[in-house]
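The block underneath contains the structure these notes are about, expressed in structure tokens.
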Amino acid sequence: MHEEEGMQQVYLSRIAGHVGKSVTIKGWLQNRRAGGKVQFLLVRDGTGEIQVVVSAADVGQDVVEMVDHLGQESSIVVTGEVKEDKRAPGGYEMTAASIEVVQNAEGYPITPKEHKSPFLLDHRHLWLRSSRQRAILKIRAEVIRALRDFFDSRDFTLLDAPILSGAACEGTTTLFETDYFGNKAYLTQSGQLYQEAGIGAFGKVYCFGPTFRAEKSKTRRHLMEFWMLEPEVAYADLDDIMVLAEDMVASVVARVLETRQKELAVLERDTAMLEKVTTPFPRITYSEAVEHLRTGGLDIEWGKDFGGDEETILAKRFDKPVMVTRYPSALKAFYMSRDPEDEKLALCVDMLAPEGYGEIVGGSQRETSLEELEQRIAEHGLPKDAFQWYLDLRRYGSVPHSGYGIGLERTVSWICGIRHLREAIPFPRLMNRLYP
RNA sequence: UCCUCGGUAGCUCAAUGGUAGAGCAUCCGGCUGUUAACCGGAGGGUUGUAGGUUCAAGUCCUACCCGGGGAGCCA
């Protein structure tokens with residue numbers, strides 16, 4: 001019960017406060033460097049790591065030999081004195097007085113040497129334990145917390161959108177189909193339409209949950225299942241949500257820089273790039289972007305959507321995220337407002353992350369006219385009946401409103417500086433991978 | 001769906017058409033301050049699958065399977 005007794009578990013994140021005392025830690029054997037009469041154990045408990053010194057002089061040769069046979073990732077409980085020592089990684093170490101083996105793990109598949117991604121993904125349930133994966137997922141958790149704090153502190157109401165729906169939201173991408181008591185149902189690709197319902201009740205809302213795309217995409221920028229946060233704001237126009245989006249991204253980056261320096265260091269992230277992410281972000285129109293790409297030597301037609309190459313070239317012009325506005329409306333979803341100054345354009349925005357990480361935010365001002373929406377639903381060949389509830393929102397107190405979605409894994413990948421989206425989610429769902 | 005690269009030991013990779021090998025992991029031995037510890041030894045293989053060419057195929061040819069990267073699509 002008291003620290004002096006050395007029996008209660010101390011978490012390694014707090015170990016610095018226990019120098020000179022005897023404590024008990026409970027964790028896993030991450031690595032071992034063995035001598036004949038002394039063993040150096042690297043023990044991890046989920047909150048930190050520490051080197052444990054097991055010496056024959058302290059615990060006897062029997063214990064040293066027992067420890068010599070412990071496999072990587074064995075679960076152990078160690079009691080001993082905490083010391084400061086410059087030779088130890090992290091600056092602290094523990095001299096073991098006793099060791100309890102909870103389980104001796106034999107043949108742990110992930111060794112301290114190199115592995116390739118198919119093998120690591122097959123062992124994702126174990127790969128999570130590695131220092132790099134822990135750093136990424138710690139930052140993911142912090143990004144989520146920062147996002148929710150951002151919206152909660154601005155009087156947004158969390159309004160969860162359904163995962164199962166009876167019709168395609170946007171009619172643009174392939175959906176996962178499932179059986180719903182004999183009827184077809186689809187896994188959601190966006191909670192947006194439901195957020196548009198939410199503004200009538202709460203004014204400012206957001207949802208945050210998984211979304212699903214059944215596209216056969218095999219690139220490092222795609223997952224079949226990914227998380228998206230979608231705010232929607234009543235009486236907001238495109239400019240309003242652009243300010244909201246840049247404030248949001250800047251505050252999330254600032255939070256990670258403030259609280260997760262250790263993890264960024266593990267990832268060897270160049271934080272100078274992140275320090276530059278302050279508002280305002282640069283803004284250019286789609287038409288300006290096309291002009292820029294042309295002067296850069298790219299043969300791109302006005303009216304064509306940007307691919308990965310185009311996005312990367314555009315993003316490289318700036319050292320902050322850039323917001324590209326007013327794409328041709330033909331490229332965009334049916335619910336987006338047209339630009340009153342040019343009916344060919346949609347009042348929309350894509351935010352491209354720097355360093356080639358692609359689109360992290362996509363949003364728009366929404367169409368408010370009932371007649372216009374009915375016509376577009378017909379043009380897109382969408383089932384009219386399924387959208388009656390959505391059209392009700394334009395019948396009863398329709399207001400100008402705008403919103404966007406931010407892709408969590410792309411944002412986390414960019415902040416972490418990692419190459420592939422699959423490391424930014426605990427259990428990635430990829431085209432050929434549903435295990436573990 | 002298309003383009004492209006690949007599949008050899010548990011892992012990461014070698015092997016001019018001519019006896020399948022190394023490092024790590026595992027097991028055994030040595031070492032009282034290691035930093036991906038080190039040193040010595042041992043076990044470990046239907047070379048993705050099925051055909052074909054050849055005196056001889058991991059290697060060359062055909063088909064298929066699986067995977068990586070990319071395109072399209074998107075966050």
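- Atom C1' of B:A14 sits at a distance of 9 Å from the matching atom of B:U8, rounded to the whole Å.
- Between A:His123 and A:Phe119, the angle of the ring planes lies from 30° to 60°, which puts this pair in the tilted group.
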Quick one, A:Tyr404 with A:Tyr206, criterion ring pair (Phe, Tyr, Trp, His ring centres under 6.0 Å). Give me CA distance, side-chain angles, the key distance, then yes/no.
CA-CA 10 Å; A:Tyr404 60 85; A:Tyr206 71 99; over 10 Å; no
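- Shown here are the ring pair (Phe, Tyr, Trp, His ring centres under 6.0 Å) partners of A:His222, two or more places apart in sequence or in another chain: there are none.
- B:C27 and B:G43 have their C1' atoms separated by 8 Å, given to the nearest Å.
- Going from atom CG of A:Leu421 over to atom C1' of B:A75 covers 8 Å, rounded to whole Å.
- As a whole-Å value, the separation of A:Ile110 CD1 from B:A36 C1' is 15 Å.
- Atom CD in A:Glu49 sits roughly 20 Å away from atom P in B:U34 (whole-Å rounding).
- Residues in residues 292-327 of chain A take part in these ring-ring contact (aromatic ring centres under 6.0 Å, His included) pairs, two or more places apart or across chains: A:Tyr286-A:Trp302, A:Tyr286-A:Phe306, A:Tyr286-A:Tyr327, A:Phe306-A:Tyr327.
- Counting only residues at least two apart or on different chains, no salt bridge (Lys or Arg N to Asp or Glu O under 4.0 Å) pair has a member in residues 88-107 of chain A.
- When the nucleotides B:G69, B:A75, B:G72 are ranked by their closest atom to the side chain of A:Lys216, B:G72 comes out on top.
- Both A:Ala88 and A:Glu114 lie near RNA chain B, and the one whose nearest nucleotide falls closer to the 5' end is A:Glu114.
- Among the nucleotides B:A36, B:C73, B:U32, the one closest to the side chain of A:Arg221 is B:C73.
- Distance alone, capped at 3.5 Å, places no donor-acceptor pair between the A:Ser217 side chain and the A:Thr219 backbone.
- Between the A:Gln365 side chain and the A:Leu238 main chain, a donor and an acceptor come within less than 3.5 Å of each other.
- Using a distance-only test at 3.5 Å, with no hydrogens or angles considered, no donor-acceptor pair links the side chain of A:Arg32 to the main chain of A:Gly71.
- Shown here are the ring pair (Phe, Tyr, Trp, His ring centres under 6.0 Å) partners of A:Trp28, two or more places apart in sequence or in another chain: there are none.
- Here A:Phe40 does not lie in a stacked arrangement on the base of B:G33, lacking the combination of planes under 30° and ring centres under 5.5 Å apart.
- Remark on RNA chain B: of its neighbouring residues A:Ser55 and A:Ile406, the 5'-side contact belongs to A:Ser55, judged by nearest-heavy-atom nucleotide.
- Every residue two or more places apart in sequence or in another chain was checked for a ring pair (Phe, Tyr, Trp, His ring centres under 6.0 Å) with A:Phe150, and none qualifies.
- Between B:C73 and B:U16, the distance separating the two C1' atoms is 46 Å to the nearest Å.
- Sequence neighbours left out, not one pair with a member in residues 305-317 of chain A passes salt bridge (Lys or Arg N to Asp or Glu O under 4.0 Å).
- Checking B:A75, B:G33, B:G69 against the side-chain heavy atoms of A:Gln51 singles out B:G33 as nearest.
- Judged by distance alone, the side chain of A:Thr285 and the main-chain N or O of A:Glu288 form a donor-acceptor pair under 3.5 Å.
- In this structure, A:Arg33 atom CZ and B:U32 atom C1' are separated by 15 Å, rounded to whole Å.
- A:Asp85 comes within 4.0 angstrom of a base, heavy atoms only.
- Listed for the A:Thr47 side chain is a donor-acceptor partner under 3.5 Å among the backbone atoms of A:Ser13.
- Here the nucleotide nearest the side chain of A:Lys116, chosen from B:C13, B:G69, B:A75, is B:C13.
- B:A36 atom P lies 16 Å from atom CG of A:Leu41, rounded to whole Å.
- Rounded to the nearest Å, the gap between the C1' atom of B:C28 and that of B:G44 is 15 Å.
- Nucleotides B:G67 and B:G30 have their P atoms positioned 46 Å apart, rounded to a whole Å.
- Annotation: ring pair (Phe, Tyr, Trp, His ring centres under 6.0 Å) contacts of A:His420 (sequence neighbours excluded): none.
- In this structure, the NZ atom of A:Lys304 is 12 Å from the P atom of B:C74, given to the nearest Å.
- Side-chain atoms of A:Tyr186 do not come within 3.5 Å of backbone N or O of A:Thr174 as any donor-acceptor pair.
- In this structure, of B:G69, B:A71, B:U32, it is B:A71 that holds the atom nearest to the side chain of A:Thr219.
- A:Arg134 contributes no side-chain N or O that, together with a main-chain N or O of A:Gly46, makes up a donor-acceptor pair within less than 3.5 Å.
- The salt bridge (Lys or Arg N to Asp or Glu O under 4.0 Å) contacts involving residues 405-420 of chain A comprise A:Arg140-A:Glu409, where partners must be two or more places apart or lie in separate chains.
- Taking atom CZ on A:Arg213 and atom P on B:G72, their separation rounds to 16 Å, with Å as the unit.
- At a cut-off of 3.5 angstrom, counting only N and O atoms as typed in the model, there is a donor on one side and an acceptor on the other between the side-chain of A:His222 and the base of B:C74.
- Near-neighbour residues of RNA chain B inside residues 422-436 of chain A, defined by a heavy atom below 4.0 Å, number-ordered: A:Arg422, A:Asn432.
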The contact string for nucleotides 24-31 of chain B, one letter per nucleotide 5' to 3', using protein heavy atoms under 4.0 Å with B, S and - for base, sugar-phosphate only and none, comes out as SS--S--B
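- Taking atom C1' in both B:G68 and B:U53, one finds a spacing of 31 Å when rounded to whole Å.
- With P as the reference atom, B:G10 and B:C5 are 28 Å apart, rounded to whole Å.
- Rounded to a whole Å, the NZ atom of A:Lys86 is 16 Å from the C1' atom of B:G33.
- In RNA chain B, the stems built from three or more successive Watson-Crick or G-U pairs (distances below 3.5 Å) are B:1-7 with B:65-71, B:10-13 with B:21-24, B:26-30 with B:38-42, B:48-52 with B:60-64.
- Using a 4.0 Å heavy-atom criterion, one finds that A:Val361 contacts the sugar-phosphate atoms exclusively.
- Comparing the P positions of B:A25 and B:C11 gives an interatomic distance of 15 Å, to the nearest angstrom.
- If you check residues 117-147 of chain A against RNA chain B, the residues with a heavy atom closer than 4.0 Å are A:Pro118, A:Phe119, listed by number.
- No hydrogens or angles were tested; on distance alone, a donor-acceptor pair under 3.5 Å links the side chain of A:Ser217 to the base of B:C73.
- Contact annotation for A:Glu93: base contact, defined as any heavy-atom pair under 4.0 Å involving a base atom.
- Nucleic acid contact class of A:Leu223 (heavy atoms, under 4.0 Å, all strands): base.
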